[in-house]
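What follows is a short report on a single structure.
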Amino acid sequence: MKTKDILVIGTGISGLTFAIKVAEKNPTLSLTLISKGDMNEGNTRYAQGGIAVVQDLKRDSTAKHIEDTLIAGDGGCDPKVVTFVVEEANQRLTELINWGTSFDKKKEQLHLGKEGGHSEKRIVHYKDQTGKQIQDVLTEKVKSFPNITILENHTLVDLITDHHSPAEQNRCYGAYVISQEREEIIKITAKITVLSTGGAGSLYAHTTNPSVATGDGLGAAYRAKVQMDRLPYVQFHPTALKEKVNGNVFLITEAVRGAGAKLLNEKFERFMIKMDSRAELAPRDIVARGIQKEIQEQDADHVWLDGSEISEEKWKAHFPTIYKTCKSIGINLPKDYIPVVPAAHYFCGGIKVNEHSESQLKGLYAIGECSATGLHGANRLASNSLLEALVFAHRAAMDCIKSLNENLPDEDFYAALPEWDGDGYSKNYTIEKVHNLREQLQEIMTSYVGIFKTNEGLHKAENKINDIYLQVQQLYNQNKLTNGLSELRNMVSIAYLLTKQAQDITENKGVFYNQNYA
Ligand code: SIN
């Protein structure tokens with residue numbers, strides 16, 4: 001395949017927005033866009049809540065949104081980044097609407113929801129299906145550009161860097177990816193590579209993320225020695241349905257608490273009011289810890305979400321997916337309480353990037369959840385993630401277009417980069433083997449590297465993860481690389497790095513909580 005101008009890996013809101021922006025601005029540029037599975041499957045699709053954008057200027061202001069973000073981030077945010085993200089929000093939202101995305105309206109104004117940590121109503125949303133609405137519109141739009149080649153069912157393996165080239169340029173030149181159909185690893189070269197691969201919620205047994213969220217970009221960047229920031233800051237969403245639905249964890253959006261639902265313990269008492277003056281609408285880290293503490297102290301396996309203050313009409317109009325899903329498992333809203341538990345939800349940290357989303361490796365950008373921009377600090381404010389994706393996809397797109405004018409290697413250089421070495425191997429292990437190791441890893445992360453950590457637990461986890469790492473490395477060295485093994489290779493690397501880094505943190509901030517420092 002001839003070298004493209006840009007390779008985008010990942011097809012959620014950030015990757016698609018980036019590709020559309022580049023293609024619109026400069027139709028002469030060539031892009032390859034790859035997704036691990038169907039291009040619709042990823043975290044964006046499951047985002048229920050919405051996008052935080054100040055609208056109601058009678059009550060709200062960008063200053064208030066900035067302040068809420070800084071408070072939620074618990075001293076860890078970069079105030080400069082927070083300011084420009086909040087200030088650019090309306091422009092990015094308008095573009096999304098102009099591309100055809102619908103949001104709920106009240107009369108002629110956008111309907112605004114409220115979520116934890118927000119002092120005002122400012123969540124722009126489409127029912128409880130905001131992510132799906134955005135994903136569908138962007139997927140359709142990206143397909144309309146002839147200069148974008150879309151490759152579904154292609155898994156990122158490793159970035160191609162100067163390590164693979166005789167020239168010492170310290171650049172990224174594209175990636176090796178598994179073509180799942182051809183069952184081989186192919187070289188895709190590009191002048192610029194953009195990771196929009198999302199987080200790694202699959203490291204945990206209970207996660208709101210789909211199973212494709214295995215930290216592939218994080219793993220590849222780690223192996224390429226790209227700097228990471230704040231990896232141990234994993235956010236748990238307070239309210240996932242306790243029971244899995246069709247094998248998947250089902251999110252109950254914070255907007256439900258914003259609409260008045262209350263959290264109750266086993267004795268049907270409102271426990272959050274004892275813990276924080278903002279009660280159910282405190283920032284997510286506080287509510288998740290509050291729930292987990294209550295579960296442990298009461299020796300329960302869930303708490304209750306009481307949505308009886310919300311009328312049935314409102315449930316049906318604003319939260320139709322939750323209403324129907326609950327009904328399908330015998331929970332009749334608004335009268336029945338919903339059993340909920342916290343679940344791993346979002347990586348606040350990731351690949352360290354600058355204000356244009358460029359990583360420290362030249363030619364490599366990271367956008368969306370796989371990046372650490374400085375916006376979220378120690379705890380992401382609800383509904384700031386889709387916003388971050390839009391703002392940084394735009395900034396990265398504009399920056400990339402400019403940087404393509406730099407003096408970059410010619411086609412002969414890319415052609416001389418080596419093909420993947422390893423397709424001579426065959427696969428001599430069972431799918432069950434990979435599956436079992438994945439489950440063991442999830443158990444370790446959930447038991448020792450979850451909401452509440454201890455020094456002893458982290459140390460135990462490090463040793464256990466190292467055992468799994470050695471087994472995965474052996475499988476990797478002796479076998480043909482498959483999608484499942486590649487995912488596990490990334491998961492175990494990220495689990496190890498995260499656990500190691502967690503042991504260096506001696507102060508509890510935001511989502512990071514080690515009981516030895518309480
Ligand atoms: C939610 O709807 O509660 C999740 C939205 C987010 O993670 O920001």
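Counting starts at 1 for both ligands and their atoms, following the listed order. As the structure is a computational prediction, the values presented were derived from the model and not from experiment.
Atoms of ligand 1 lying under 4.0 Å from at least one heavy atom of S383, given by number and element, are 6 (C), 8 (O). Each of the atoms 8 (O) of ligand 1 lies under 4.0 Å from some heavy atom of A382. Close approach of ligand 1 to H345 (heavy-atom distance below 4.0 Å) involves ligand atoms 4 (C), 6 (C), 7 (O). Heavy-atom proximity to E254, at under 4.0 Å, picks out these atoms of ligand 1: 1 (C), 2 (O), 3 (O). Annotation for ligand 1: atoms under 4.0 Å from non-hydrogen atoms of T253 are 1 (C), 2 (O), 3 (O).
Remark: ligand 1 and G49 share an N or O pair separated by less than 3.5 Å (distance only, no angle test).
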Just do the salt bridge (Lys or Arg N to Asp or Glu O under 4.0 Å) check on R257 and E115 with the steps written out, would you?
CA-CA 7 Å; R257 277 175 280 132; E115 291 181 353; over 6 Å; no
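Not a single heavy atom of A47 lies less than 4.0 angstrom from ligand 1. By the 4.0 Å heavy-atom criterion, A255 is excluded from the residues contacting ligand 1.
A salt bridge is absent between R59 and E120; no separation between the charged side-chain nitrogens and carboxylate oxygens falls under 4.0 Å. A salt bridge is defined here as a Lys NZ or Arg NE, NH1 or NH2 lying under 4.0 Å from an Asp or Glu carboxylate O, and K132 with D136 meets this definition. Comment: K262 does not engage D306 in a salt bridge, judged by the lack of any side-chain N to carboxylate O separation of less than 4.0 angstrom.
Of the options R380, R284, H125, Q235, the smallest heavy-atom separation from atom 4 (C) of ligand 1 is shown by R284. Of the candidates H237, Q48, E115, H237 brings a heavy atom nearest to atom 3 (O) of ligand 1.
Residue D299 qualifies as open at atom CG: its count of foreign heavy atoms under 6.0 Å is 12 or below.
Remark: R230 fails to qualify as a cation-pi partner of F512 under the 6.0 Å distance and 45° angle criteria applied to the six-membered ring.
Test H125, K121, K127, K106 against H111 for side chain to side chain donor-acceptor pair (under 3.5 Å) and you get one pass: H125.
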